[in-house]
Amino acid sequence: MSQLILRRTNAATLSTDEALAVVGAAPRGRVIHRSGDNVLVDIAAADVESLRQQLQGWIVSPQTERIAVPDTRRNIG
């Protein structure tokens, strides 16, 4: 299974709800989280290319590890 981030662009041919239906129609696809036009999904690795073709105008990118960002705030003490 692969976790993917889906982001809708202005050129997208499908709405967010339609994209969720495409993910749900995949045999092992499920939505993990949705925030506006950004969606985190879990889908079989074999279905990733098919999903990219169906979601024209959407950015489909793999979820990667978070990058630790140092705390640059001043400490007064």
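These numbers come from the heavy atoms of this one structure, side chains and all, not from hydrogens, waters or symmetry mates. Note that the structure is a prediction, hence the values are computed from the model and not measured.
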side-chain contact (heavy atoms from CB on, under 4.5 Å) between Ile5 and Val60, worked out: CA-CA 6 Å; Ile5 299 171; Val60 179; over 6 Å; no
Heavy-atom side-chain proximity of Ile59 to Leu6 below 4.5 angstrom: no
Under 3.5 Å, sequence neighbours excluded: what are the donor-acceptor pairs made by side chains of residues 17-40?
{"residue": "Asp17", "atom": "OD1", "partner": "Arg34", "partner atom": "NH1", "Å": "3.1"}
{"residue": "Glu18", "atom": "OE1", "partner": "Ser15", "partner atom": "N", "Å": "2.8"}
{"residue": "Glu18", "atom": "OE1", "partner": "Ser15", "partner atom": "OG", "Å": "3.4"}
{"residue": "Arg34", "atom": "NE", "partner": "Gly36", "partner atom": "O", "Å": "3.4"}
{"residue": "Asp37", "atom": "OD1", "partner": "Thr16", "partner atom": "OG1", "Å": "2.6"}

Euclidean distance, Leu4 CG relative to Asp42 CG, rounded to 0.5 Å: 8.5 Å
Under the salt bridge (Lys or Arg N to Asp or Glu O under 4.0 Å) rule, collect the residues that match up with Arg73, sequence neighbours excluded. Asp71
Would the distance check show the side chain of Thr9 and the main-chain N or O of Gly57 forming a donor-acceptor pair, the cut-off being under 3.5 Å? yes
Compare all side-chain heavy atoms of Trp58 with those of Leu14 and state whether any distance is below 4.5 angstrom. yes
Identify the two heavy atoms, one from Gln56 and one from Gln53, that lie closest to each other, and give their separation to 0.1 Å. NE2-O, 2.8 Å
